[in-house]
Amino acid sequence: MGFWLLGVQAQAQGGGGVREVTVTLPWLIQAGPAPLATVGVLVDALSAAMAALVTLVATLVQLYSLGYLADEAPPALGRYYFYQSLFAFAMLGLVFAPNFLQLFVFWELVGLCSYLLIGYYYQRPAAARAAVKAFWVTKLGDVGFLVGIVLLWGATGTFEFGTLFRAAAAGTLPANLALCMTLIYLGAVGKSAQFPLHVWLPDAMEGPTPVSALIHAATMVTAGVFLVARAYPLFLAAPGVLVLIAYVGAFTALLAATLALGQNDIKRVLAYSTVSQLGYMMTALGAGALAAGVLHLLLHGFFKALLFLAAGAVIHAVHTNDMWTMGRLARAMPKTTIVFVVGTLALAGVPPFSGFVSKEAILGGVWEAGLRGPFVLLSVTVFLTALYMFRAVFVTFFGARAAEGHPHEPPGVMMGPLWLLAVLSVAGTALGGAALGQTFPEFLGQGRGATLPHGPGWLTPFSVGLALAGLLLAWLVYQRGTIPAAALTRALGPLPAWAAQGYGIDALYLAIYRGGVLALGRLIGWIDRYLVDGVVNVFSAWTLRAGADLRQLQTGRAQDYLYGVTAGMLLVLVLWRLWA
Amino acid sequence: MTAEALGLGGVAVLVLGASLGVVLARNLFHSVLWLALALVGTAALFVLLHAEFLAAVQVLLYAGGVVTIVVFAIMLTERLVGDTIRQTNRGILAGAVVSAAVFLAVAGTILRAPRAPAPAATALTTATLGRAILTEWVLAFEVLGILLVAALLGALYLARAEE
Amino acid sequence: MLLALELGVAALAVLVFLLGLSGRGGRQRETGLAVAVGLAGLYALSLLIDARGPLFDGAYIVDPLAVFLKQVFLLATLLAVIGGLGRPDGVERHRALEYHLLMLTSLLGMMVLASARELVLLFVAFELMSIPLYVLAGFVKKDARAVEASLKFFLVGSLSTALLAYGLSFVYGVAGSTRLDVVTRAVAEGDPLLILGLLLVLGGVGFKIAAFPFHMWVPDTYEAAATPFVAWLAVAPKAAGFAVLLRVFVEHAGPPGSLWAGTAALLGALTIVAGNLMAIPQTDAKRLLAYSGIAHIGYMLLGIAAFSAHGVAMLLFYLVAYLFSNMGAFMVVEVVTQTEGSSALRTFRGLAQRSPALALAMLLFLLSLGGIPFVVGFWAKLYVLWAAAQAGLYGLVLLAALLTVVALFYYLLVAKQMYVDLPARPTAVPVPPALALVLAVSAVAVVLLGLYPGPLVDLALRAAAPLF
Amino acid sequence: MLSAYLLLAAAMFAVGLFGVLTRRNAVGILLGLELMLNAVNVNLVAFAHFGAGPAGWVLALFTIAITVTEVAVGLAIVIVIFRVRRTVDADHLNLLRG
Amino acid sequence: MNGVPVLSLVTATPFVAACLIMLVGRTRPLAVRLIAVGAATLTLGLSVYLYAGYDATTAGFQFLEQYPLVRALGITVELGVDGISALMVLLTAIIIFAGVFASWTVRVRDQEFYALLLTLVTGVFGVFVSLDLFVFFLFYEIAVLPMYLLIGIWGSTGEIRPQGILAWAFRETGVGSKEYAAMKLTLYLLFGSAFILVGLFVLYFAGGAQSFSLVTLSEASFTPATQRWVFLALYVGFGILAGIWPLHTWSPDGHASAPTAVSMLHAGVLMKLGAYGVVRVAMTLLPDAAQYWAPLVGTVAVINVVYGAFSAMAQTDLKYVVAYSSVSHMGLVMLGAATLTEAGLNGSVYQMFAHGIMTGLFFGLVGLIYEKSHTREINRMGGFGRRMPGVAACFTLGALSSLGLPGLAGFVAEILTFLGAWQSSSRWWLFPAVLGTLLTAIYVLRVAKRIFWGPLVTGPHGAWADLPDAQGPEWVALVFLSAILLVFGLVPGLVLSRVDPSVVTLLDRIGVLP
């Protein structure tokens with residue numbers, strides 16, 4: 001499996017390059033010269049960069065899994081690697097898709113893999129629930145996506161990006177473009193766990209941790225961002241939609257950050273953090289800072305994968321997800337601690353770690369776009385990010401209590417990928433810049449000399465200050481205990497309690513599902529059985545009864561038969577009378 | 001003309017009265033006797049219609065033959081049951097309504113029908129009848145013969161007490 | 001030559017009589033065999049001779065229609081006589097003389113009826129056909145039910161005879177003749193009295209064909225009388241009744257055709273509905289077949305309602321289909337009854353596992369009666385509906401088609417008893433050779449005609465064409 | 001004049017029908033039938049008399065004969081019924097129904 | 001091979017095999033099965049040959065054969081296929097091939113079972129290859145009738161308790177029993193065929209062609225008024241078989257009660273036959289009416305989609321879930337046809353095929369589960385994935401195809417239908433149709449989760465310790481169908497290359513082609 005994957009990776013990277021290449025074959029044929037839909041490969045900077053991320057992380061995760069899942073039974077393991085490989089295939093198909101339809105096809109396939117992998121431990125009811133929940137919620141967004149591309153096709157007659165982009169350049173896009181793009185964006189909302197469809201991602205942590213790292217942190221969940229980036233020329237033609245994306249993204253970022261604060265499960269902290277970071281990326285795209293958003297996507301892929309895998313190493317060691325039962329793991333697992341802290345710093349946007357660059361760029365871009373609201377939301381999120389991440393770091397690796405059992409460092413096959421990812425988290429930007437020999441926006445084809453947005457001069461100290469403040473607060477509360485956690489909670493009023501419930505969004509969905517969908521199903525089921533079919537049965541029963549009733553005519557008395565003859569005669573005579 | 005009408009009127013009253021007697025009498029024997037009277041009355045009608053031969057047949061075969069068989073049958077069954085046969089009617093009202101409806105339907109049509117001016121009355125001669133039967137209706141006559149044999153055979157088979 | 005068949009039947013009757021006189025008439029097998037051979041010979045004769053033409057100055061006609069109908073009568077009687085041979089010891093055995101003689105005389109009546117174009121002859125023939133039937137219905141005279149059925153049959157029949165005769169008297173009186181060609185002319189004048197007469201005749205014949213509501217004698221008679229006889233009774237006299245309808249109403253009372261067609265449509269519709277609905281709750285196979293037979297008469301009436309050469313041809317085709325299917329079904333009932341001692345539907349349980357061939361035969365007959373493709377009944381029903389559709393009676397066609405569904409309901413219930421339910425006893429049902437022969441002939445005919453109905457359709461069309 | 005005969009016959013026919021429909025006794029029903037057929041004969045003879053041709057007489061003659069056979073057969077059936085069931089009450093003859 | 005009457009062969013083979021089976025005798029179960037397999041393989045081979053040999057460059061009817069049946073009335077056995085019917089023949093062959101294997105374990109009266117099953121198949125083939133409407137109708141009836149015995153004898157009885165004010169009617173008719181289901185299905189379909197027959201007659205007479213040949217009739221012209229009500233009659237008649245709302249209620253009861261292979265064949269092929277009839281007969285011959293009634297047909301179709309999905313959600317009996325999902329999917333088939341667009345009709349035909357395979361797979365699996373666990377109640381199952389991973393995998397595959405997951409055949413059909421819907425005159429159809437796929441995702445995954453996921457529940461004899469996975473011949477059916485779902489999901493050209501020309505021809509006739 002792993003070899004196959006490497007092959008795919010090699011192939012994908014071999015095709016990488018700045019020059020845009022599109023190769024298509026007919027897929028859905030129809031009468032006339034052009035097929036209705038094609039399959040093919042579209043290679044440009046965006047897809048190449050994305051493919052690099054996917055293949056790299058996927059390979060590392062595969063390696064890591066060799067250690068992580070070493071105890072699994074062979075058939076289950078086969079299933080696992082099959083799903084993983086299928087995922088890599090589907091994700092690459094998505095990345096290289098030259099048209100909306102193919103993108104949608106692989107979009108669904110990665111969703112499928114996500115569903116299957118979340119449900120990997122299918123005997124666990126929670127895993128089963130989480131898997132279908134993930135599928136349904138993303139499907140909800142996909143429905144919009146599908147309708148969107150159908151509508152867009154209806155208006156333009158094509159799915160091809162190339163044709164559509166040319167139309168965008170020529171300004172010949174249809175009038176209902178905003179509607180189409182909003183619907184398409186819905187797909188991204190579901191996949192990239194934007195509010196209000198973010199509820200599935202935390203639950204998706206029921207899957208094995210490598211899966212969370214690959215699918216639910218680094219790659220699949222960013223497909224939504226990728227989608228928006230891919231169709232960016234079209235979104236640019238519908239600026240209203242971009243603003244919506246920005247606001248939703250920023251709100252999601254903040255919301256998820258607050259939610260992350262209330263979690264006890266280390267993976268759920270990371271999951272909410274992913275949601276929050278996806279919000280960042282979306283906001284960037286919404287603000288027009290394409291390069292910043294995509295860069296954050298790539299870098300986030302590295303450090304979030306790192307965080308997950310490191311968390312996985314911890315879980316692997318202590319056999320629990322609950323942070324509060326961990327503690328002082330830094331002693332038993334110093335290497336893991338180091339890489340985890342590296343990831344955390346990158347995530348928090350502390351210079352010189354890679355996250356700092358992209359986060360700065362995003363904040364700058366949002367400021368430059370004049371989106372003050374989102375800027376405020378994101379700034380708060382910067383603070384909160386540092387807070388909840390270091391809360392996790394302190395509670396897990398330092399803290400007052402020691403974890404039970406005998407935690408140990410993971411084996412080399414797991415540690416290797418961690419180191420590699422740590423390096424990338426530290427110096428991802430620099431390494432990338434060096435390899436490419438140009439700035440990232442240039443790489444993306446935004447023209448020579450294009451740079452990342454950097455905003456006003458006060459931005460860097462402001463954001464770094466916020467991050468450090470968060471770090472400090474976390475240290476005071478969770479390490480030193482100077483400020484008791486309870487006091488903090490009290491100070492925030494009912495907010496923490498709500499946050500622990502996910503602000504009731506889950507409950508709302510559940511209510512709609514149970515009280516709306518299932519109840520309606522029961523109602524219609526009843527109608528079908530007792531009304532629609534009831535009519536049939538009543539008619540049948542009437543026919544049966546009519547037979548039984550008519551039979552009463554046959555009394556057995558001869559004279560009644562004679563009456564019958566006479567009545568028949570009279571009937572004929574009456575008919576005759578009526579005939580004239 | 002008037003004489004004939006008068007005769008018809010008288011016979012009609014007789015026939016209808018006898019008919020009602022047939023269907024209303026309590027005692028089966030009385031019914032049979034009323035029937036005989038009705039048949040004889042019909043024979044009288046035939047005479048009025050100048051079909052004397054048929055009148056004769058009517059009296060001999062019908063009033064004589066049929067009534068005799070019926071009486072025989074009644075005697076036979078009476079002997080079997082050992083009781084005088086009483087008979088009653090049921091559903092008189094319904095029967096009356098239905099019969100009246102049939103009568104009205106037929107009578108209404110008769111009165112409604114356009115009648116050509118009364119054609120010359122024709123009388124029946126035995127020779128005409130004999131010739132007709134043996135020429136034009138010979139096949140029917142043969143068939144009737146077979147029918148009589150078959151019916152006789154059947155009636156005999158049924159009525160005969162099994163060995 | 002024109003009377004060859006009638007004379008043949010008469011001669012056969014005389015032969016039976018002589019056999020009886022010689023003291024052998026009591027033996028069923030010999031008498032029955034003689035009759036069967038004779039009838040088979042006559043049937044073959046009917047196929048060979050090609051004499052056509054009028055007799056008695058047109059009062060008697062041997063035309064394709066008459067020949068077709070006579071062949072139907074002969075065939076039905078032949079099958080019934082052979083079927084009767086398969087009966088175990090019974091009164092028919094000891095009184096074979098009477099049994100066969102009555103059957104033959106009745107047959108003679110039918111044959112004359114098919115050719116009669118004159119009212120006296122028609123009336124006498126009608127009676128010649130009917131009166132022996134009353135006796136035959138009560139032939140098992142120790143059976144309380146049989147004689148009761150016989151009485152009911154007789155009473156209803158006699159009342160109908162009275163109606164018929166009364167109607168004939170008006171027809172004759174207004175037309176001034178008993179010849180049907182004269183009647184045709186008179187009908188053109190539209191004297192209401194004549195119409196009344198004809199309607200009374202229709203009522204009288206309605207009893208014979210057992211149209212609703214003249215049908216009420218049918219279930220009782222069928223249930224109680226001996227089954228081979230019932231099989232015959234269900235087919236031959238009804239065909240004869242249709243012969244009268246065709247001769248009088250279609251061939252000769254044409255001009256107010258719409259009234260006859262309308263009456264036929266009304267009676268047909270009522271008969272289809274009533275017959276099918278009343279068949280549903282039945283628990284006795286013979287009674288079920290009786291009601292279903294009534295419904296079939298309704299379908300045949302649609303052929304008259306169509307009032308076209310097509311309609312009549314399809315009616316004739318239907319008669320043949322009905323002959324084989326219905327007689328076959330009754331004979332299966334006879335077989336089962338002989339073993340189980342009852343004709344209740346439950347005796348058919350698991351028949352498919354006891355005697356697969358017998359069950360298959362019954363299934364074929366039932367499917368044919370139900371109007372399922374590849375057995376003849378399908379074409380029959382289809383052709384009749386076709387003719388009705390051609391005449392524009394779409395509503396009627398729809399009603400008929402819908403009630404076919406009801407009919408299938410009860411036929412399928414029988415099929416369910418045979419195929420789905422488990423048998424009470426696993427033993428096979430013995431089939432007497434004579435009955436086996438009848439069943440085989442019927443089944444083969446049902447399937448063959450179902451696969452290739454073309455020639456019979458052509459024949460029926462030829463028979464019906466001269467009427468219009 | 002013809003109409004008068006026809007009406008008389010119709011009345012007779014109706015009375016006969018009444019008897020047929022209401023008599024409990026089988027023999028009584030038979031008597032009603034006799035009346036009905038008798039009415040037919042009146043019809044026939046009247047028509048024949050008023051110029052409808054000789055067929056009426058022939059038919060009347062035949063009808064008489066047929067009536068006789070019917071009565072014979074009918075009575076035979078009644079006798080058989082008596083033998084088996086000990087009753088001729090049509091109301092009681094309802095073994096078969098439904 | 002030009003002179004070989006392929007269509008006659010395809011049609012006759014199953015029937016000949018049925019006769020052979022009856023002759024073999026009831027004591028040799030293996031011989032019976034081998035004959036059935038042989039016949040199924042032969043028809044499959046012939047169908048593949050037929051499908052592959054169909055010349056896609058010309059759209060007309062090919063492989064023509066003609067034999068006169070009733071000359072006087074102009075009835076001829078006229079056989080021929082176009083792209084659509086060739087696909088349907090292939091579908092039928094595939095399903096019966098799988099069905100023969102899926103019913104390997106029928107023990108009770110297996111000889112009769114196989115004979116009836118194959119007879120039924122002859123009817124289905126006959127319908128798809130007949131160009132003479134009369135012969136078409138004839139075969140149609142043959143396809144309906146054996147069902148009665150098949151369900152009556154080998155069916156299973158569900159658990160429905162009548163409630164409410166109509167309970168008396170339910171008790172009287174015996175709702176829930178297999179006898180009831182068999183009778184209901186048979187009679188309902190025959191009821192529908194009454195409408196068809198009337199419609200066919202009108203076509204025969206009103207067109208002045210006095211012929212039942214599709215080819216001849218398609219040259220006849222009918223007045224718009226005639227077209228309208230004949231179309232309606234045919235639509236109702238065929239629609240009943242296609243399970244259109246509200247005339248669909250025979251289908252859940254029937255399919256739930258039927259034995260495995262029969263459900264496969266019936267839901268997989270026979271319901272398509274109804275849709276096929278609408279397209280082939282009603283829409284082809286009555287083009288004006290097709291346009292006139294398209295809004296009705298499509299609206300009923302979207303009701304089907306949503307209503308069927310909701311109904312499926314309410315079921316607790318596994319077979320009913322699958323049966324209602326058929327009702328829902330048949331809505332998509334009818335919707336595609338009603339759009340009167342190239343994409344839509346292609347989608348419709350594709351859906352016929354895809355749903356046929358998918359539901360065949362589903363019913364095969366449900367049959368397996370029922371046979372091994374002896375229950376159809378979803379609530380009594382749980383965690384079966386552990387005991388029957390193969391079944392679980394195939395079920396998931398089927399479920400995914402049913403919810404329109406790309407890469408499986410169902411998606412191609414759905415996307416084409418959606419595209420067609422948006423192009424049609426009633427664009428709003430798109431939304432309920434898409435909603436339907438969402439609802440499908442909900443009920444189908446919910447069921448899959450209930451049955452296969454979660455901890456193993458306790459069965460009647462302990463913890464389902466004796467619950468085996470699919471075995472031997474059963475695998476053949478499952479793998480075969482799953483593979484087809486996948487192949488036709490990835491390479492839609494397999495279908496579209498043959499179907500599209502025929503669809504374009506049809507649309508051209510209707511006159512809606514741009």
Side-chain angles (χ1 to χ4, degrees), chain B residues 8 12 15-16 19-20 22-23 28 31 35 38-39 42 45-46 49-51 54 57-58 61-62 65-66 69-70 73-74 76-77 80-81 85 87-92 95-96 98-99 102-103 106-107 110 115 118-122 124 128-129 132-133 137 144 147-148 151 154-155 158-159, chain D residues 1-8 10-25 27-28 30-32 34-35 38 41-42 45-46 48-51 53-55 57-58 60-62 64-73 75-80 82-83 86-88 91:
Chain B
L8 174 61
V15 169
L16 286 180
S19 302
L20 283 172
V22 173
V23 296
L28 195 49
S31 276
L35 178 69
L39 294 179
T42 312
L45 276 179
F46 290 174
L49 291 166
H50 304 282
L54 278 178
V57 172
Q58 175 88 0
L61 197 74
Y62 231 16
V66 170
I69 315 177
V70 175
I74 294 171
L76 200 61
T77 47
L80 284 170
V81 183
I85 293 167
Q87 61 165 9
T88 46
N89 293 19
R90 76 180 183 98
I92 292 180
V98 170
S99 312
V102 170
F103 175 74
V106 176
I110 292 172
R115 282 271 67 83
T122 327
L124 166 70
T128 323
L129 195 60
I133 289 176
W137 284 286
L144 182 67
L147 169 61
L148 288 177
L158 284 180
Chain D
M1 206 60 201
L2 173 61
S3 300
Y5 283 100
L6 297 184
L7 286 175
L8 173 59
M12 209 166 164
F13 191 83
V15 172
L17 180 63
F18 173 78
V20 166
L21 292 177
T22 56
R23 278 310 201 191
R24 279 181 202 273
N25 186 305
V27 179
L30 218 54
L31 298 184
E34 297 293 308
L35 279 179
N38 204 47
N41 281 344
V42 172
V45 175
H49 177 68
F50 289 98
W57 292 312
V58 176
L61 195 62
F62 281 24
I64 291 174
I66 286 172
T67 311
V68 172
T69 59
E70 270 197 355
V71 169
V73 169
L75 286 174
I77 293 174
V78 168
I79 287 171
V80 174
F82 248 141
R83 213 177 272 145
R86 301 278 145 175
T87 177
V88 283
D91 279 4

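In what follows, chains carry the letters A, B, and so on, assigned in the order in which the sequence lines appear, proteins first and then strands, with residues in each chain numbered from 1.
- Heavy atoms closer than 4.5 Å to chain D are found in both the backbone and the side chain of B:Leu20.
- Heavy-atom minimum distance, B:Trp137 versus D:Phe62: O-CZ, 4.5 Å.
- Of the listed residues (B:Ala159, B:Ala107, B:Ala132), the greatest number of heavy-atom pairs within a distance under 4.5 Å of chain D belongs to B:Ala159.
- Evaluated for a side chain to side chain contact (heavy atoms under 4.5 Å, CB included) with D:Phe18, the options B:Ile92, B:Val98, B:Val102 yield exactly one hit, B:Ile92.
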#### Entry: Residues D:Tyr5, B:Leu49; criterion side chain to side chain contact (heavy atoms under 4.5 Å, CB included); working and verdict
CA-CA 10 Å; D:Tyr5 283 100; B:Leu49 291 166; 3.5 Å; yes

### Task
Under the side chain to side chain contact (heavy atoms under 4.5 Å, CB included) rule, what do B:Phe46 and D:Asn41 come out as? Steps first, then yes or no, please.
CA-CA 9 Å; B:Phe46 290 174; D:Asn41 281 344; 3.8 Å; yes

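- Taking both residues in full, the closest heavy atoms of D:Ala72 and B:Ala155 are given as O-CB, 4.0 Å, listed atom of the first, atom of the second, then distance.
- Counting heavy-atom pairs under 4.5 Å between each of B:Gly91, B:Ala96, B:Gly154, B:Ala38 and chain D puts B:Ala96 at the top.
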#### Entry: Verdict with supporting geometry, B:Val23 and D:Thr22, side chain to side chain contact (heavy atoms under 4.5 Å, CB included)
CA-CA 8 Å; B:Val23 296; D:Thr22 56; 5.5 Å; no

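- Heavy-atom distances place both the backbone and the side chain of D:Ile77 under 4.5 Å from chain B.
- Looking at D:Val58, the atoms closer than 4.5 Å to chain B (heavy atoms on both sides) sit in the backbone and in the side chain alike.
- A pairwise comparison of heavy atoms in D:Ala65 and B:Leu148 identifies O-CD2, 4.1 Å as the closest pair.
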### Message
Please evaluate residues B:Val15 and D:Asn38 with respect to the criterion side chain to side chain contact (heavy atoms under 4.5 Å, CB included), reporting the C-alpha separation (whole Å), side-chain torsions for both, the decisive distance (0.1 Å), and the verdict.
### Response
CA-CA 11 Å; B:Val15 169; D:Asn38 204 47; 5.5 Å; no

